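Report on the structure given below.
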Amino acid sequence: MRRVVRGFWGPRQESAEALARRWKQTLDRLGGLLPEACAGTGGDGPWRNVPGSGPATALRPDEDSLLAAVRAAQAADGWSDRTGTSTQFVAAGAPGWKVEVSGRGGGTSEYLLQAVVIGIRSPEGAKVPDVALLTAVAEVWEADFGGVSDDDVLDALEDDGGFTPDEPSVGWAGYLSSARAALLPDDLTAARKQVGSQGVLLEIAGPGDAETVLRANLRLREAGALQALPRPMDRAAL
């Protein structure tokens, strides 16, 4: 099965060093939560840096190596500090496991969301800690909203719910920053877990339950919890 863990936020200027620290924290958390996929990442493990152009190269998940990857992305043709710095890292550990981590951070665009997307392919029947993975994304990247979904759920949101690709939504697990969480309707039955002072995690349905996820998103949108950041955007979270 393949699932995606996603987090989004608005403009937040950050240095290359700050982005490298966030990526180090992200890969460290993934190594602890998905040891089968990321085994050995503390040394010559399976992580590879996949640049926008050119071949993939082996990557040690330490701060110096990640800083070099961020700076290389910023040195590429077409890079702009307004859109943010895009990077992609891939790990393939035990058979049947693959993790693809991509993101765009540090940008100041008033119209383009910043994001981290973690694609996880796992063997049939393998247990994946969806809530813990989404918590990691929310905490490390100080996201505004996010969720855990698969292609069927995303298709249902777009085709049956009318959600556009850049419109806030959640999956079978969801995250809402504190201002969004304040708008949660009382009749939403999803289990809730506080993420520090940042926001709230929602456990909405079981993996792949597109119908329940769609109903929850429609209710959240109706309540205002999924409203888009006002354009032009002037902050990272609602």
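Each residue takes its place number in the sequence, starting with 1. Not measured: the values here are computed from a predicted model.
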*Sequence neighbours left out, what passes side-chain contact (heavy atoms from CB on, under 4.5 Å) with Arg104? Give chain and number order.*
Ser86, Leu112, Gln114
*asked:* I'd like to check the salt bridge (Lys or Arg N to Asp or Glu O under 4.0 Å) partners of Asp209; sequence neighbours left out, ordered by chain and number.
replied: none
*asked:* Using the rule that Ile, Leu, Val, Met, Phe, Trp and Tyr join whenever any side-chain heavy atoms are under 4.5 Å apart, tell me whether Val90 and Trp97 fall into a single cluster.
replied: no
_Cluster link Val5 to Val50, ILVMFWY, side chain under 4.5 Å_ = no
*asked:* Less than 4.5 Å apart, side chain to side chain, heavy atoms only: is that true for Thr87 and Leu19?
replied: no
*Out of curiosity, Leu176 CG to Leu226 CG, how far, rounded to the nearest 0.5 Å?*
6.0 Å
_Approximate separation, where rounding is to 0.5 Å, of Leu218 CG and Arg221 CZ_ = 5.5 Å
*If Ile, Leu, Val, Met, Phe, Trp and Tyr residues are connected whenever their side-chain heavy atoms lie under 4.5 Å apart, and connections chain through other members, are Leu184 and Trp172 in the same group?*
yes
_Has Arg22 got a side-chain atom pairing as donor or acceptor with Val140's backbone, closer than 3.5 angstrom?_
yes
*Tell me, do Val170 and Arg180 make a side-chain contact under 4.5 Å, heavy atoms counted?*
no
*Where do Leu30 and Cys38 come nearest, in terms of heavy atoms and distance?*
O-SG, 3.9 Å
*asked:* Tell me the closest heavy-atom pair linking Leu202 and Ala190, and the distance in Å.
replied: CB-CB, 4.4 Å
*If we only count heavy atoms from C-beta on, is the Ser149 to Val213 side-chain gap below 4.5 Å?*
no
*Okay, side chain of Asp144, backbone of Leu238: is any donor-acceptor separation there less than 3.5 Å?*
yes
*Give a yes or no on whether Arg121 atom CZ has more than 12 heavy-atom contacts from other residues, nucleotides or ligands under 6.0 Å away.*
no
*Is Arg231 close to Leu229 at the side-chain level, that is, under 4.5 Å between some pair of heavy atoms?*
yes
*asked:* Once salt bridge (Lys or Arg N to Asp or Glu O under 4.0 Å) is applied, what residue pairs with a partner in residues 146-163 remain, sequence neighbours excluded?
replied: none
*Hphob cluster co-occupancy, Leu113 + Tyr111, side-chain heavy atoms under 4.5 angstrom*: no
*Check the surroundings of atom CD in Gln13: do more than 12 heavy atoms from other residues, nucleotides or ligands lie under 6.0 Å from it?*
no
*Should Val195 and Val200 be regarded as members of a common hydrophobic cluster, given that ILVMFWY residues are connected when their side-chain heavy atoms come within less than 4.5 Å of each other, either directly or indirectly?*
yes
*Parallel, tilted or perpendicular: which describes the rings of Trp23 and Trp141, with under 30° parallel and over 60° perpendicular?*
perpendicular
*Where do Ala216 and Leu188 come nearest, in terms of heavy atoms and distance?*
CB-CD1, 4.2 Å
*Salt bridge or not for Arg21 and Glu17, using N-O below 4.0 Å?*
no
*CD1/Ile204 to CG/Leu220 distance, rounded to the nearest 0.5 angstrom?*
6.0 Å
*Describe, in one word, how the ring planes of Phe8 and Phe145 are oriented to each other, choosing from parallel (under 30°), tilted (30 to 60°) and perpendicular (over 60°).*
parallel
*side chain to side chain contact (heavy atoms under 4.5 Å, CB included) assessment of Arg48 paired with Leu59*: CA-CA 5 Å; Arg48 298 182 70 78; Leu59 176 79; 5.6 Å; no
*So which heavy atom on Gly10 is nearest to which on Met233, and how close?*
CA-SD, 4.1 Å
*Give, for atom CZ of Arg215 and atom OG1 of Thr189, the distance between the pair rounded to the nearest 0.5 Å.*
9.0 Å
*Indicate yes or no for a side-chain donor-acceptor contact from Thr135 to the backbone of Val131 under 3.5 Å, with no hydrogens or angles considered.*
yes
*Residue pair Glu36 / Ser122, side-chain heavy-atom distance below 4.5 Å*: no
*Find the distance between CG (Leu154) and OG (Ser169) and round it off to the nearest 0.5 Å.*
7.0 Å
_Taking every non-hydrogen atom, the tightest pair across Arg12 and Glu142_ = NH1-O, 3.3 Å
*asked:* Tell me the closest heavy-atom pair linking Met1 and Glu124, and the distance in Å.
replied: N-OE1, 4.4 Å
*asked:* Any heavy-atom pair between the side chains of Val4 and Ile120 that's under 4.5 Å?
replied: no
*Nearest 0.5 Å please: distance from the OG1 atom of Thr26 over to the NZ atom of Lys24.*
10.5 Å
